Amino acid sequence: MGQTLPKPGLRPFLPDDVPVLAAIFTASIEELTGDDYSEAQQQAWMETAESEEFGKRLAADLTLVATLEGSPIGFASLRGNDHIRMLYVHPGVSGQGVATMLVDALEKLAGGRGATSLSVDASDTAQGFFAKRGYIAQQRNSVTINDEWLANTTMKKMLGAPQ
């Protein structure tokens, strides 16, 4: 007999979440982006969680935390009304609908705040996820993080449009 697994929940970001969200951020980069980014690029990217700015970015945005039995397993943040700044899910729950739940919530919140479209600078790893949700590539970007160049793609979705 199979047992029913608990369903993830959502809650707002709390300042005490910073250390565990930083751990999810680094684990996600380390374990999920290796096919798209070099070790040096991953290391530079992960190091951004070690600064005070990481917590400040989470607090400045509307950040949602996905939880399983009360423990954080992922997070996503909305900057302003119309830009997804961060979306990270612990590798142990990757592919189980947590990112979908987080982005569904951000899309509803953005629409409720009056946004007609939502954009994201998607990593090469996340680009397919966003494309399946109806986000369309607008432009390629190169960003410098700790002396390493990383590529991403600005993608945009019209809210209220069929997927």
Side-chain angles (χ1 to χ4, degrees), residues 2-79 83-107 118-135 137 139-155 157:
Q3 78 182 50
T4 305
L5 295 174
K7 284 195 173 259
L10 283 179
R11 66 167 173 77
F13 163 79
L14 302 169
D16 289 346
D17 291 330
V18 173
V20 71
L21 298 188
I24 290 168
F25 176 86
T26 56
S28 175
I29 293 165
E30 187 171 38
E31 295 186 38
L32 302 176
T33 67
D35 290 343
D36 300 301
Y37 297 95
S38 71
E39 282 185 40
Q41 289 171 318
Q42 288 175 300
Q43 191 61 42
W45 190 358
M46 289 185 291
E47 286 171 3
T48 63
E50 296 170 9
S51 75
E52 245 180 70
E53 288 301 310
F54 183 77
K56 288 180 182 176
R57 284 195 317 257
L58 293 170
D61 295 341
L62 189 162
T63 301
L64 297 177
V65 177
T67 62
L68 193 58
E69 297 183 328
S71 297
I73 55 171
F75 65 97
S77 64
L78 182 67
R79 182 174 51 196
H83 185 76
I84 297 172
R85 187 193 289 209
M86 288 195 243
L87 172 64
Y88 293 89
V89 173
H90 191 280
V93 295
S94 176
Q96 296 180 29
V98 176
T100 296
M101 180 180 69
L102 285 161
V103 175
D104 282 349
L106 290 185
E107 288 176 359
L118 195 55
S119 66
V120 62
D121 294 329
S123 69
D124 291 351
T125 306
Q127 192 172 347
F129 168 81
F130 284 104
K132 286 178 187 165
R133 295 186 59 84
Y135 287 75
Q139 70 181 32
R140 287 289 284 165
N141 309 301
S142 290
V143 294
T144 306
I145 301 174
N146 297 331
D147 296 327
E148 286 291 329
W149 287 92
L150 284 83
N152 66 34
T153 301
T154 300
M155 301 179 80
K157 176 181 181 176

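Bear in mind the structure is a predicted one, so any value in this text is a computation, not a measurement.
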Notebook entry, point to check: Atom CD in Glu30, atom CD in Glu39: separation rounded to 0.5 Å?
Noted result: 9.0 Å
Item checked: Residue pair Ser94 / Leu32, side-chain heavy-atom distance below 4.5 Å -> yes
Next item on the list: Using distance alone, with no hydrogens and no angle criterion, decide if Thr154 and Asn141 have a side-chain donor and acceptor under 3.5 Å apart.
Entry: yes
Note to self: For Gln139, I'd like to know if atom CD has over 12 heavy atoms of other residues, nucleotides or ligands within 6.0 Å.
What the structure shows: yes
Notebook entry, point to check: Would a distance-only check, ignoring hydrogens and angles, find a side-chain to backbone donor-acceptor pair under 3.5 Å from Gln41 to Trp149?
Noted result: yes
Notebook entry, point to check: Roughly how far, to the nearest 0.5 Å, is NZ of Lys157 from CD1 of Ile84?
Noted result: 9.0 Å
Check: Distance-only, no hydrogens or angles: does the Thr48 side chain make a donor-acceptor pair with backbone N or O of Trp45 under 3.5 Å?
Finding: yes
Check: Are any non-hydrogen side-chain atoms of Thr153 and Asp121 less than 4.5 angstrom apart?
Finding: no
Check: Does a side-chain heavy-atom distance below 4.5 Å link Glu148 with Gln43?
Finding: no
Notebook entry, point to check: Taking all non-hydrogen atoms of both residues, which atom of Met101 and which atom of Pro8 are closest, and how far apart?
Noted result: CE-CB, 3.6 Å
For a quick test of your reading: what N or O donor-acceptor pairs under 3.5 Å do the side chains of residues 53-69 make, sequence neighbours left out?
unit_1 : atom_1 : unit_2 : atom_2 : d
Asp61  : OD2    : Ser77  : OG     : 3.4
Asp61  : OD2    : Arg85  : NE     : 2.9
Thr63  : OG1    : Leu58  : O      : 2.7

Notebook entry, point to check: Does the separation of the ring centres of Tyr88 and Phe75 fall below 6.0 angstrom?
Noted result: yes
Item checked: Asn152 side-chain N/O to Ser123 backbone N/O, donor-acceptor pair under 3.5 Å -> no
Margin query: Between Asp36 and Thr125, does the side chain to side chain donor-acceptor pair (under 3.5 Å) criterion hold? Intermediate values first, please.
Written below: CA-CA 6 Å; Asp36 300 301; Thr125 306; 2.7 Å; yes
Margin query: For Met46 versus Ile29, what's the shortest heavy-atom pair and its separation?
Written below: CG-CG2, 3.6 Å
Margin query: Nearest 0.5 angstrom please: Met86 CE to Ser28 OG, how far?
Written below: 12.0 Å
Check: So, for Ala151 and Asp124, which heavy atoms are closest and what is the spacing to 0.1 Å?
Finding: O-OD1, 3.8 Å
Margin query: Is any side-chain heavy atom of Ser119 closer than 4.5 Å to one of Tyr135?
Written below: no
Notebook entry, point to check: Could you give the distance from CG (Leu21) to CG (Leu14), rounded to the nearest 0.5 Å?
Noted result: 9.5 Å
Note to self: Does any part of the side chain of Asp104, heavy atoms only, come nearer than 4.5 Å to the side chain of Arg133, both counted from C-beta?
What the structure shows: yes
Check: Can you name the closest pair of heavy atoms from Leu102 and Ala76 and give their distance?
Finding: CB-CB, 3.9 Å
Check: What's the verdict on side chain to side chain contact (heavy atoms under 4.5 Å, CB included) for Leu118 and Leu78, showing C-alpha distance, side-chain angles and the deciding distance?
Finding: CA-CA 9 Å; Leu118 195 55; Leu78 182 67; 3.6 Å; yes
Next item on the list: Any chance you could measure Ser51, atom OG, to Asn146, atom CG, to the nearest 0.5 Å?
Entry: 8.5 Å
Next item on the list: State, to 0.1 Å, how close Phe130 and Ala122 come at their nearest heavy-atom pair, and which atoms those are.
Entry: CD1-CB, 3.9 Å
Note to self: Looking at every heavy atom in both Met155 and Ala137, which two are closest together, and how far apart are they?
What the structure shows: CG-CA, 4.0 Å
Check: Does a side-chain N-to-carboxylate-O contact under 4.0 Å join Arg11 and Asp17?
Finding: yes
